[in-house]
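Structure first, then comments.
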Amino acid sequence: QAQLVESGGATVQAGDSLRVSCAASGRTFSRYTMAWFRQAPGKERAFVGAINWSGREAYYSNSVQGRFTITRDNVENTVTLQMESLRPEDTAVYYCAAQRNPFGATRLPMREYDLWGQGTQVTVSS
């Protein structure tokens, strides 16, 4: 059965860096768009960024553009979210999501993602 498992969440200080990862299993994800979303307490789940199947194109929300970077390894079936200059407002549960997309699209609505991980908590203290 296909699944996504996030790891690496932690409590850090404002200004710190953190890397969270998503391990995919159960199917071949090399033709999937992979994305990160986050959900802060009391707020709706929001898009963070996405990377296409080749890894050559990534798209980010305005709030993380320039601070966060998504990469993927199609051999290891992993996707990584590298977060720099973290702020208290980045505090959230971070979710990995997948959508089969051989066309390489990254600007997909959340409803298009049909496989989700369980999330990993990132807390940034001021």
Side-chain angles (χ1 to χ4, degrees):
Q1 184 171 350
Q3 65 173 351
L4 303 175
V5 179
E6 302 93 335
S7 62
T11 297
V12 299
Q13 299 284 330
D16 284 353
S17 300
L18 184 67
R19 178 181 298 174
V20 293
S21 297
C22 171
S25 63
R27 64 174 73 154
T28 300
F29 285 87
S30 59
R31 288 296 182 267
Y32 279 68
T33 292
M34 304 296 293
W36 288 94
F37 290 80
R38 66 186 181 185
Q39 188 164 17
K43 295 188 177 181
E44 294 185 351
R45 193 170 298 189
F47 174 78
V48 173
I51 189 166
N52 74 347
W53 66 267
S54 71
R56 296 193 188 101
E57 180 178 334
Y59 173 64
Y60 302 92
S61 69
N62 289 338
S63 61
V64 307
Q65 177 73 46
R67 298 188 299 124
F68 290 11
T69 304
I70 300 174
T71 57
R72 67 186 295 162
D73 184 329
N74 285 341
V75 175
E76 297 293 330
N77 263 356
T78 58
V79 180
T80 298
L81 176 66
Q82 177 69 40
M83 302 180 283
E84 308 285 347
S85 302
L86 281 161
R87 306 165 181 169
E89 54 264 38
D90 294 318
T91 295
V93 177
Y94 283 72
Y95 296 92
C96 179
Q99 199 263 352
R100 190 174 187 280
N101 197 302
F103 306 105
T106 54
R107 304 188 186 204
L108 303 171
M110 185 165 59
R111 64 179 181 273
E112 294 288 331
Y113 290 91
D114 54 9
L115 185 64
W116 291 82
Q118 83 291 345
T120 187
Q121 176 70 47
V122 173
T123 302
V124 185
S125 59
S126 58

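Only this structure's heavy atoms are used, side chains among them; waters, hydrogens and symmetry mates stay out.
Among residue pairs with one or both ends in residues 76-85, those qualifying as side-chain hydrogen bond (donor to acceptor under 3.5 Å, both in side chains) are Ser17-Glu84, Arg19-Gln82, Gln82-Glu84; sequence neighbours excluded. For residues 26-89, the set of pairs meeting the disulfide (SG to SG under 2.5 Å) definition, not counting sequence neighbours, is empty. Among pairs with a residue in residues 106-126, none fulfils salt bridge (Lys or Arg N to Asp or Glu O under 4.0 Å), at least two apart in sequence or across chains. The stretch residues 35-48 participates, sequence neighbours left out, in these salt bridge (Lys or Arg N to Asp or Glu O under 4.0 Å) pairs: Arg38-Asp90. Pairs passing the disulfide (SG to SG under 2.5 Å) check and including a residue from residues 23-53, sequence neighbours excluded, do not occur. The disulfide (SG to SG under 2.5 Å) analysis of residues 42-94, with sequence neighbours excluded, yields no pairs.
A donor-acceptor pair under 3.5 Å links the side-chain atoms of Tyr60 to the main chain of Ile70, judged by distance alone. Side-chain atoms of Asn74 come within 3.5 Å of backbone N or O of Trp53 as a donor-acceptor pair.
Taking the salt bridge (charged side-chain N to carboxylate O under 4.0 Å, His left out) definition, one finds that Arg100 meets it with nothing, sequence neighbours left out. Applying the side chain to side chain contact (heavy atoms under 4.5 Å, CB included) test to Ser125 and every residue at least two apart in sequence or in another chain returns Gln13.
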For residues 20-33, which side-chain donor-acceptor pairs fall under 3.5 Å, sequence neighbours excluded?
residue : atom : partner : partner atom : Å
Arg27   : NH1  : Tyr32   : OH           : 2.9
Thr33   : OG1  : Ala105  : O            : 2.6

Please table the atom pairs, donor to acceptor, closer than 3.5 Å between any side-chain atom in residues 3-11 and protein atoms at least two apart or in another chain.
residue : atom : partner : partner atom : Å
Glu6    : OE1  : Gln118  : N            : 3.0
Glu6    : OE1  : Gly119  : N            : 2.9
Glu6    : OE2  : Cys96   : N            : 2.7
Glu6    : OE2  : Gly119  : N            : 3.3

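In the hydrophobic clustering (ILVMFWY side chains linked at under 4.5 Å, chained through shared members), Tyr95 is joined by Phe37, Phe47, Tyr59, Val93, Leu108, Met110, Tyr113, Trp116. The hydrophobic side chain of Val75 is isolated, with no ILVMFWY side chain under 4.5 Å apart from it.
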